[in-house]
2 protein chains.
Amino acid sequence: MTKNVPAKTVGRLSLYRRLLRRLDARENPHIFSHALADLAGVSAAQVRRDLMTVGCGGSPARGYGVNELIDELSAFLDAPEAQNVVLIGVGNLGRALLAYFPARRPRARIVAAFDTDAQKAGRVILGCRCHAVSEMEEVIRREGVSAAIIAVPAAHAQDVAETAVRAGVRGLLNFAPVPLRVPAHIYTEDIDISTSLDKVMYFARAGFGADDVRND
Amino acid sequence: MTKNVPAKTVGRLSLYRRLLRRLDARENPHIFSHALADLAGVSAAQVRRDLMTVGCGGSPARGYGVNELIDELSAFLDAPEAQNVVLIGVGNLGRALLAYFPARRPRARIVAAFDTDAQKAGRVILGCRCHAVSEMEEVIRREGVSAAIIAVPAAHAQDVAETAVRAGVRGLLNFAPVPLRVPAHIYTEDIDISTSLDKVMYFARAGFGADDVRND
DNA sequence: ACTTGTGAACCATTTCACAGCT
DNA sequence: AGCTGTGAAATGGTTCACAAGT
């Protein structure tokens, strides 16, 4: 069924949904592609093409129905039932993620965390039970976890990724500053903060003329 | 001079440099494009093209000199002197970033942090002086800050971005889950953790056949 | 008059493939 | 024999532009 929607499109659809939810649908129950495009910082044609890709339609007279769109996007983006997620690495970043996620993402339940620090094993940190890394494979299997968030130092990232994949995880959100070598059918999203800062520092440098920077 | 190198290429160059630094140049003072490609998870042709773009050369016999490459990449990526950066928003994520960055990025000095919480103003958090947001414009000007890291809630992101830009910042690293509307000559890198998790959740779902997922 | 939906054109980026070097 | 450097081709993604709808 799913017609091979590009990752970039999925990303924008997630953004559209978030922006639409911030709108008060009572004030304005409909929105035109160019208005949503403005909010998202993309072109109107891009919005229409993205929505078309997942079968969302609007009317030339009124545009797209806000609530309708939110529901259709959710039907596309969300799995039928909530998906279980684990966090690997409960350092500074890991704790920030624990504080950030559970609140606003009820469809992705962080069911367990793992850390090599023996002090942390067994404790409950920010509402999330923390286990030793040695228990990871068993817990992931038992809980039917579909994705893992990797927030460990570079040196351990490949290792924990392999363990997670062996246990049946199908998606990885990788904050470690190294690319992971995993089988092709495992989806990996890298969030490389160091590289991002390098890019910002590079383009923030004085010396770019009229600034014809090609961003993506 | 700088010949309009695409942001994606700059990102990979930053990655190559990081990977090369992890190598022990004594063990292996030279590296072939396919070996570096393997480490970076890209094609060998990609590596050669990227290095060519910034004028790095190798020899068909030995490949590229590791230390030489690190130096050439640094000459390209780094500004002549260290650049000053500020952090806006000292919540959970902001503190994690403070703990993460200063250690490993000596070229990007986080010279100040800002928060609306009056409790934090004046204090030194993780080695970084924290100011009230009202002082932001003045501090950014005084310190000659070239980039800002935005780690505030969605509702405040546009506001603080505008203030930072008004004060002369040229690059933004945005962790808030909304796109920023800033002038075209300001480089913005969005790190949208919510969207990234949505993408992982989407592609981690069961039901993708032989997995012909188009990633980027 | 202003919109949506969409084939076609366009553009950026990646990969191919091979000449030239060692 | 195996590499680098690089035009040329291919791929993937975005924008154009316009027919059709209201």
Side-chain angles (χ1 to χ4, degrees), chain A residues 3-16 20 28-66 68-69 72-73 76 179 184 187 195 199 203 211-216, chain B residues 3-16 20 28-66 68-69 72-73 179 184 195 199 203 211-216:
Chain A
K3 284 184 177 172
N4 212 354
V5 179
K8 278 184 168 184
T9 301
V10 175
R12 282 190 302 265
L13 293 171
S14 161
L15 173 61
Y16 300 156
L20 290 166
N28 225 336
H30 292 268
I31 188 167
F32 290 120
S33 62
H34 60 81
L36 183 51
D38 257 25
L39 290 174
V42 302
S43 74
Q46 180 83 83
V47 168
R48 293 202 300 276
R49 169 103 28 217
D50 287 339
L51 294 180
M52 200 192 72
T53 307
V54 295
C56 295
S59 99
R62 258 158 300 138
Y64 300 85
V66 172
E68 196 183 10
L69 213 44
E72 288 172 316
L73 290 175
F76 173 79
Y187 181 83
T195 289
K199 286 163 78 175
F203 288 110
D211 269 66
D212 26 11
V213 171
R214 301 192 204 303
N215 200 350
D216 40 87
Chain B
K3 283 183 180 175
N4 212 353
V5 179
K8 278 184 168 184
T9 301
V10 174
R12 283 190 302 266
L13 293 170
S14 160
L15 174 62
Y16 299 155
L20 290 166
N28 224 338
H30 292 268
I31 189 167
F32 291 120
S33 63
H34 61 82
L36 184 50
D38 256 26
L39 291 174
V42 302
S43 73
Q46 179 83 84
V47 168
R48 293 202 301 277
R49 171 87 52 197
D50 287 339
L51 294 180
M52 200 192 71
T53 307
V54 294
C56 295
S59 99
R62 259 157 300 137
Y64 301 84
V66 172
E68 197 182 11
L69 212 44
E72 287 172 317
L73 290 175
T195 290
K199 286 162 78 174
F203 289 109
D211 270 66
D212 25 10
V213 171
R214 305 194 200 302
N215 202 346
D216 38 89

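Below, read A as the first sequence line, B as the second, and so on, with proteins coming before strands; counting in each chain starts at 1.
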Separation of dC11(C) C1' from Asn4(B) CG (nearest whole Å): 14 Å

Closest listed nucleotide, where the reference is the side chain of Lys8(A) and the choices are dG13(D), dT22(C), dT22(D): dG13(D)

Taking every non-hydrogen atom, the tightest pair across Gly11(B) and Thr195(A): O-CG2, 3.4 Å

Touch class at under 4.0 angstrom, heavy-atom based, for Thr9(B) against every strand present: nothing

Among dT22(C), dT14(C), dG5(C), the nucleotide that comes nearest once only the side chain of Met52(A) is considered: dG5(C)

Nucleotide nearest Ala45(A) when distance is taken to its side chain, options dT15(D), dG2(D), dT15(C): dT15(D)

Residue Gln46(A), side-chain heavy atoms: nucleotide from dT15(C), dT22(D), dT14(D) that is nearest: dT14(D)

Spacing between His30(B) atom NE2 and dC3(D) atom C1', to the nearest angstrom: 14 Å

Arg62(A) (side chain) and dT3(C) (base): donor-acceptor pair under 3.5 Å: no

Comparing Ser59(A) and Asp50(A) on DNA chain D - which has the more 5′ nearest nucleotide: Asp50(A)

Check: Leu13(B) and Leu51(B) side chains under 4.5 Å, non-hydrogen atoms: yes

Heavy-atom closest pair, residues His30(A) and Gly63(A): ND1-O, 4.4 Å

Donor-acceptor pair present, Arg49(B) side chain and dT15(C) base, under 3.5 Å: yes

Nucleotide dT15(C), atom C1' - distance to CZ of Arg12(B) in whole Å: 12 Å

Flag side-chain contact, heavy atom, 4.5 Å: Val5(A) against Phe76(A): yes

Student check: side-chain heavy atoms of Phe203(A) and Val10(B) closer than 4.5 Å: yes

N/O (side chain, Ser43(A)) to phosphate O (OP1/OP2, dT14(D)) under 4.0 Å: no

dC18(C) OP1/OP2 closer than 4.0 Å to side-chain N/O of Arg48(B): no

Integer-rounded Å distance: dT4(C) C1' and Leu69(A) CG: 13 Å

Below 4.0 Å: OP1/OP2 of dT4(C) and any side-chain N or O of Ser33(A): yes

Validation row: Tyr64(A), Leu36(A) side chains within 4.5 angstrom (heavy atoms): no

For atom CG of Leu51(A) and atom C1' of dT14(D), their distance in whole Å: 15 Å

Intermediate values then yes/no, side chain to side chain contact (heavy atoms under 4.5 Å, CB included), Val42(B) and Leu15(B): CA-CA 11 Å; Val42(B) 302; Leu15(B) 174 62; 5.9 Å; no

All stems with DNA chain D, defined as three or more consecutive Watson-Crick or G-U pairs under 3.5 Å: C:1-22 with D:1-22

